[in-house]
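Everything numeric here is computed off the predicted structure, so don't read it as measured data. Ligands are counted one by one from 1 in listed order, and the atoms in each one are counted from 1 as well.
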Amino acid sequence: MKIKKVIVPVAGWGTGLLPATKNVPKEMLPIHNKPIIQYVVEEAQAAGLTDVVFVTNQNKVIIQDHFDYNLALERVLERAGKLDLIKTIRDVAEMVTVIAIRQKEQLGLGHAVLCARAVCGDEPVAVMVGDDLMFGPDPAIGQLMDVALAEHMPVVGVIEVPENQVDKYGIIQGEEFAPGMYRVRGVVEKPAVGKAPSRLAMVGRYVLFPDIFKHLEKCKPGVGGEIQLTDALQALVKENRLLAVKLKGQRFDAGDWPEYLAANVYMGLNDPAMRDLLKKRLTEVLEG
Ligand code: G1P
């Protein structure tokens, strides 16, 4: 069995990044020289996923356009002799097949995933949250796909977060059966600090099987009045059918200013063409 599709919910309002996101979708804000969403799609592509299902809304068509040809711009670049840049923008258009589904009301992550049901068929599917960035030698979603296919079980990606941040995440209670691999015994969305079953937080990477949809269908609004994916995952836990994998790599929450800025610095420092200059400028800035 192969996993081809990845659901990428991108219909959120991005209120955490206002005023920058007043008219620009947060997924299109740049980190280094690419929009946030391109890193997500690059991770999917590196893991062998070929079909990206954006769960989107009417104000975010620009995200689909980013993964399409821009022939007018290509002609301008051709006239200017900038053939390398033509390749750069063509490559983005040719990364993946794009499927777009409208989420007509923003009712939560679980609702967004449910919106993609019609195009998922009977196959397992990956889910990647559109502003959660994971960088590392192995694509994070690929780490989960390997386990899901080997064990025939849904899998969520987790990292350890500080105790005072558990209330920002879905937290798992896990039983470690191999290094960094857990049988999930419970999941809870955004528990209060001091009330979480662990510090293992889900970070927007999931591999799910078609049975998730029947659970999502039954979910009532949960934390924050939203249809929570975490509540459908808890239904899988009750059937003893959920694994978690501790992800390797560096994670940034691009929907949060300090994290967004840190991701820019991280990617800038990873670019040999600007590393030295950026380091010098950062040192000057830090020394005031
Ligand atoms: C969502 C999920 C949460 C998960 C988080 C990761 O929350 O509901 O379980 O830990 O993404 O980023 P949100 O950040 O949309 O509030």
Item to complete: Write out the residue and atom name of the closest protein heavy atom to atom 1 (C) of ligand 1, then the distance separating them to 0.1 Å.
Response: L109 CD2, 4.0 Å
Discussion item. Taking the six-membered ring of F54 as reference, does the cationic atom of R102 (NZ for Lys, CZ for Arg) lie under 6.0 Å from its centre and within 45° of its axis?
Written reply: no
Practice prompt. Spell out, yes or no, whether F67 and I36 are grouped together once hydrophobic residues are joined by side-chain heavy atoms under 4.5 Å, including indirect joins.
Written response: yes
Worksheet item: Applying a strict 4.0 Å limit to heavy atoms, is L229 in contact with ligand 1?
Response: no
Item to complete: Would you mind checking which non-hydrogen protein atom is closest to atom 5 (C) of ligand 1, with the distance to 0.1 Å?
Response: M202 O, 4.0 Å
Fill in: atom 12 (O) of ligand 1: nearest protein contact (heavy atom, Å)
D132 OD2, 2.7 Å
Discussion item. For F252 together with Y266, are the ring centres under 6.0 Å from each other?
Written reply: yes
Worksheet item: Taking atom types as modelled, is there a side-chain donor on N264 or H32 under 3.5 Å from an acceptor on the other?
Response: no
Worksheet item: For ligand 1, is any non-hydrogen atom under 4.0 Å from R251's backbone (N, CA, C, O), its side chain (CB onward), both, or neither?
Response: side chain
Item to complete: Give the numbers and elements of all ligand 1 atoms closer than 4.0 Å to a heavy atom of Q228.
Response: 8 (O)
Discussion item. Could you tell me if the side chain of I37 sits less than 4.5 Å from the side chain of M28, heavy atoms only?
Written reply: yes
Worksheet item: Within 45° of the ring axis of Y69 and under 6.0 Å from its six-membered ring centre, is that where the NZ or CZ of R90 lies?
Response: yes
Practice prompt. Can you confirm whether something in the protein, heavy atoms only, sits under 4.0 Å from atom 10 (O) of ligand 1?
Written response: yes
Worksheet item: Is it true that K190 lies under 4.0 Å from ligand 1, counting heavy atoms only?
Response: yes
Discussion item. Considering both backbone and side-chain atoms of G170, is one of its nitrogen or oxygen atoms within less than 3.5 Å of a nitrogen or oxygen in ligand 1?
Written reply: yes
Fill in: Min N/O separation E189 to ligand 1 under 3.5 Å
yes
Worksheet item: Can any side-chain N or O of Q234 pair as donor or acceptor with the backbone N or O of V188 at less than 3.5 Å?
Response: no
Worksheet item: Can you say whether the rings of Y39 and F135 are parallel (under 30°), tilted (30 to 60°) or perpendicular (over 60°)?
Response: perpendicular
Worksheet item: Counting from 1, what ligand 1 atoms have a heavy atom of T230 closer than 4.0 Å?
Response: 9 (O)
